[in-house]
Q: 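Below you will find the structure I want to go over with you.
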4 protein chains.
Amino acid sequence: MTTREEQKNQTRSKILKCAFEVFSKNGFAAPTLDIAKAAGVSHGTIFVHFSTKEDLIIQLVRNFSFKLRSTIIVPLSSPKGIENFLINYMDVIQKNEQFYIRLIGEKDLLPDEARLMFLNLQLSNARSFATIVKLQRNSMKLKNIPSTMMFNTWIGLVHYYLLNKDLFSPKGSVIKKYRDELISTYLELIRVQD
Amino acid sequence: MTTREEQKNQTRSKILKCAFEVFSKNGFAAPTLDIAKAAGVSHGTIFVHFSTKEDLIIQLVRNFSFKLRSTIIVPLSSPKGIENFLINYMDVIQKNEQFYIRLIGEKDLLPDEARLMFLNLQLSNARSFATIVKLQRNSMKLKNIPSTMMFNTWIGLVHYYLLNKDLFSPKGSVIKKYRDELISTYLELIRVQD
Amino acid sequence: MTTREEQKNQTRSKILKCAFEVFSKNGFAAPTLDIAKAAGVSHGTIFVHFSTKEDLIIQLVRNFSFKLRSTIIVPLSSPKGIENFLINYMDVIQKNEQFYIRLIGEKDLLPDEARLMFLNLQLSNARSFATIVKLQRNSMKLKNIPSTMMFNTWIGLVHYYLLNKDLFSPKGSVIKKYRDELISTYLELIRVQD
Amino acid sequence: MTTREEQKNQTRSKILKCAFEVFSKNGFAAPTLDIAKAAGVSHGTIFVHFSTKEDLIIQLVRNFSFKLRSTIIVPLSSPKGIENFLINYMDVIQKNEQFYIRLIGEKDLLPDEARLMFLNLQLSNARSFATIVKLQRNSMKLKNIPSTMMFNTWIGLVHYYLLNKDLFSPKGSVIKKYRDELISTYLELIRVQD
DNA sequence: AATGAATGAGTTTTCATTCAT
DNA sequence: TATGAATGAAAACTCATTCAT
């Protein structure tokens with residue numbers, strides 16, 4: 001890679017990084033000029049690397065999905081498979097809580113392609129979860145509920161807390177504050193009591 | 001009421017009705033001009049009846065909260081109290097599904113006053129639910145989970161389906177399609193199995 | 001005059017009175033709606049009595065000019081003619097200080113006709129003053145200066161204080177505060193010292 | 001300075017110049033769109049260079065005050081100090097007569113900052129004048145009048161002519177037409193005659 | 001005569017995007 | 001490749017004036 005190309009990549013990365021931060025903080029309606037300022041590049045430079053604001057968002061969501069996908073561990077045959085999955089899931093989200101909140105909260109502002117990618121990520125997670133649940137049914141008596149529903153209940157609960165962060169945890173991370181309570185509640189719910 | 005007043009009220013109602021529809025369809029960022037067009041009045045007329053766009057939204061949310069409040073029945077001492085509450089809850093939401101979705105999905109675009117009103121409505125519902133749950137514990141064995149968490153799980157699940165309506169039910173009402181499944185799943189989860 | 005006509009006149013007077021007050025307080029750019037509210041009549045009523053806002057202002061200035069004209073006394077053959085004129089002039093202005101300030105300060109917002117009327121008033125005053133000066137020259141040694149200039153110096157000084165009321169007397173009347181100082185300064189200036 | 005910067009400065013200057021002309025001609029209530037048209041730039045361009053209309057006015061008044069300040073000469077120890085000051089004062093005003101008239105006539109439309117700057121300029125001039133008067137008292141017998149009053153009489157007279165330009169000199173410059181008469185009248189007034 | 005709801009042209013400001021340098 | 005000045009299409013809101021009642 002030539003020096004020129006390297007520098008180009010660096011600029012591009014810088015923009016992506018700063019866009020991530022600006023959008024996390026101010027939402028996807030934040031002006032592209034703010035991103036340029038944050039990245040220390042000119043306004044026009046953004047459009048050298050990304051044809052439109054939509055394109056920038058798409059790349060951002062693509063990277064984000066990829067990162068999440070590669071971070072979410074699916075502990076297939078563990079006896080505590082579900083719990084481990086949930087713990088890991090929470091940790092992953094917590095690391096990019098603000099951006100994740102924007103993603104689920106401003107879904108309708110996203111370009112179609114970005115929305116689809118994020119959707120696919122969730123579907124993929126749902127499938128992973130379903131697999132784990134299936135395996136876990138052996139070692140743990142679970143409520144007789146379709147695994148889709150099981151996942152949706154979980155993700156619904158988590159998203160509810162995330163979207164109402166200002167209510168539940170205005171200052172710090174919601175996930176950090178409620179992680180354990182959410183997990184234990186959920187596990188309690190899906191378990192058949194003896 | 002004189003004819004003049006009637007006509008004024010009609011215009012006001014027409015604007016409110018059309019604003020409700022336009023916001024339901026396009027979100028709260030929809031231009032006031034679109035509402036004027038939909039209502040068949042001039043742009044200026046909107047500001048004769050509502051001092052600002054924010055004011056219009058506040059009135060809209062006020063009416064909506066009031067309607068919901070007066071429609072949500074709280075069947076205190078029924079043996080099927082929880083189930084009846086949930087059925088009723090779903091029916092009420094279903095009637096204004098689109099607007100409800102905008103309300104929870106574009107929370108951050110709302111004027112403070114509107115956000116607070118809607119928040120209070122949800123808190124009020126949470127309290128009603130808690131009361132019912134307490135009573136129901138006698139006639140039905142329930143999971144040993146704080147009633148707040150019980151409500152949040154329910155509302156999280158429902159909101160998740162609403163916010164992902166395009167995924168679950170792109171054409172018709174999500175609630176109509178999933179009402180029974182959501183209720184039965186939820187009841188199954190909170191019940192202690194024998 | 002029939003009762004009907006009486007009432008009509010009353011409404012008209014009420015509007016004129018309130019317009020005078022509103023314009024005094026907020027300037028001629030004040031909305032006609034504010035005047036209607038102050039007068040306790042409907043917005044449309046204003047345009048029943050005055051075809052346009054300009055027309056209303058014209059009537060207002062006409063009345064005002066008339067009132068001033070009839071209040072300004074021209075003490076022709078007094079030995080203290082000039083001084084008496086100045087004292088009276090100040091008193092007359094002071095009674096409607098705010099409106100007078102608007103008139104000289106927002107001259108360019110006035111309809112042509114109104115501007116002309118107010119101009120004529122000032123010309124008439126200038127002529128009166130010239131006459132007095134001529135008579136006074138007998139009993140008092142005055143600077144050898146054209147009487148037009150004498151008047152303009154006086155009115156310039158007074159208007160300067162009026163237009164900078166916020167500087168000279170932000171709370172109460174400027175004229176009240178500076179009347180004596182302005183008069184004595186002026187008299188000192190025009191007198192030939194021995 | 002690069003070509004780019006030069007061009008930017010040119011646009012900025014062009015806007016300032018045209019704003020100066022448009023405001024001079026139509027007053028500060030003139031629409032920003034008119035300025036854009038006069039400058040041959042798009043409406044948005046104005047707001048690239050000036051964050052708000054108020055900001056534009058502030059810059060304009062700042063430049064104007066600066067120009068006036070640097071042009072007004074204070075001939076301290078001259079035997080004809082006062083006369084020279086007045087001549088120079090008139091010349092300076094004459095160069096930007098229209099704008100100066102708007103400034104004193106639409107004072108209340110100005111942003112606070114602009115009003116303050118122009119006020120300070122006048123105060124500064126008043127102080128200069130006071131100094132000159134003090135020195136001149138040696139070489140010329142002057143009326144026994146506070147120097148503040150001396151300045152106010154002068155500026156009152158000049159402003160009166162300026163504000164009534166349409167009366168005194170509808171076509172050309174008032175100052176040009178009346179400069180000498182105003183100065184000689186004023187000098188005659190403040191002098192003690194022997 | 002009085003009402004007051006409705007009109008619509010006019011105003012400032014924002015911001016993604018373009019393009020000459 | 002990067003720059004950043006310039007663009008122009010919105011968007012919310014104001015207010016004198018009209019007209020059916």
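In what follows, every chain begins at residue 1, and chains take the letters A, B, ... in the order their sequences are listed.
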Q: Within a reach of under 6.0 Å around NZ of C:Lys107, are more than 12 heavy atoms found that belong to other residues, nucleotides or ligands?
A: yes

Q: Roughly, in whole Å, what's the span from CZ in A:Phe50 to P in E:dT18?
A: 16 Å

Q: For C:Phe20, is the NZ or CZ atom of C:Lys67 found under 6.0 angstrom from the centre of its six-membered ring and inside 45 degrees of the ring axis?
A: yes

Q: Would you kindly give the CG-to-P distance between B:Leu33 and E:dG8, to the nearest whole Å?
A: 12 Å

Q: Return the value, rounded to whole Å, for the distance between atom CD of D:Glu5 and atom P of F:dA5.
A: 9 Å

Q: Without decimals, in angstroms, what is the distance between A:Lys37 NZ and F:dG4 P?
A: 12 Å

Q: Under the side-chain contact (heavy atoms from CB on, under 4.5 Å) criterion, do A:Leu109 and A:Ile57 qualify, and how do the steps go?
A: CA-CA 10 Å; A:Leu109 297 184; A:Ile57 294 178; over 6 Å; no

Q: Please give me the minimum heavy-atom distance between B:Val22 and B:Ala30, naming the atom from each residue.
A: CG1-CB, 3.7 Å

Q: So, is A:Thr45 near the phosphate of F:dG4, with a side-chain N or O under 4.0 Å from OP1 or OP2?
A: no

Q: Go nucleotide by nucleotide along DNA chain E from the 5' end; which of B:Val41 and C:Lys8 gets its closest nucleotide reached first?
A: C:Lys8

Q: Assuming nearest nucleotide by heavy-atom distance, tell me which of B:Ala29 and D:Gln7 is located more 5' along DNA chain F.
A: D:Gln7

Q: Nearest to the B:Arg4 side chain among E:dA6, F:dA20, F:dT3, which nucleotide is it?
A: F:dA20

Q: Rounding to an integer number of Å, can you tell me how far C:Ile15 CD1 sits from E:dA1 C1'?
A: 11 Å

Q: Short of 4.0 Å, heavy atom to strand atom, which residues of residues 106-115 of chain B count as contacting DNA chain F?
A: none

Q: Given F:dT1, is OP1 or OP2 found less than 4.0 Å from the side-chain N or O atoms of A:His49?
A: no

Q: If each of A:Phe47 and D:Lys53 is mapped to the nucleotide of DNA chain E with the nearest heavy atom, which maps nearer the 5' terminus, i.e. the 5' end?
A: D:Lys53

Q: If you go through the side-chain atoms of A:His43, does one of them form a donor-acceptor pair with the base of F:dT3 closer than 3.5 Å?
A: no

Q: Over 60° means perpendicular and under 30° means parallel, so tell me whether B:Phe99 and B:Phe64 are parallel, tilted or perpendicular.
A: perpendicular

Q: So, OP1 or OP2 of E:dG8: does either fall under 4.0 Å of a side-chain N or O from B:Ser42?
A: no

Q: Pairing check on E:dA1: which nucleotide meets the Watson-Crick or G-U wobble criteria with it, both distances under 3.5 Å?
A: none

Q: C:Glu6 has an atom CD; how far is it from atom P of E:dA1, in whole Å?
A: 15 Å

Q: Nearest whole angstrom, please: distance from the P of E:dT11 to the CD of D:Glu54.
A: 17 Å

Q: So which one's nearest nucleotide on DNA chain F is more toward 5', B:Val48 or C:Val48?
A: B:Val48

Q: For B:Ile35 and F:dA12, give me the distance from atom CD1 to atom P, rounded to whole Å.
A: 8 Å

Q: Is there side-chain contact between C:Phe66 and C:Asn63, with heavy atoms separated by less than 4.5 Å?
A: no

Q: Could you label the plane-to-plane angle of the A:Phe28 and A:Phe23 rings as parallel, tilted or perpendicular, counting under 30° as parallel and over 60° as perpendicular?
A: tilted

Q: What closest approach, in Å, do D:Leu68 and D:Leu121 show between heavy atoms, and which atom pair accounts for it?
A: CD2-CD2, 3.6 Å

Q: Please name the nucleotide paired to E:dT21 by Watson-Crick or G-U wobble geometry with both distances under 3.5 Å, or report none.
A: F:dA2

Q: For a quick check of understanding: with a heavy-atom distance under 4.0 Å over all strands, which category does B:Thr32 fall into, base, sugar-phosphate or nothing?
A: sugar-phosphate

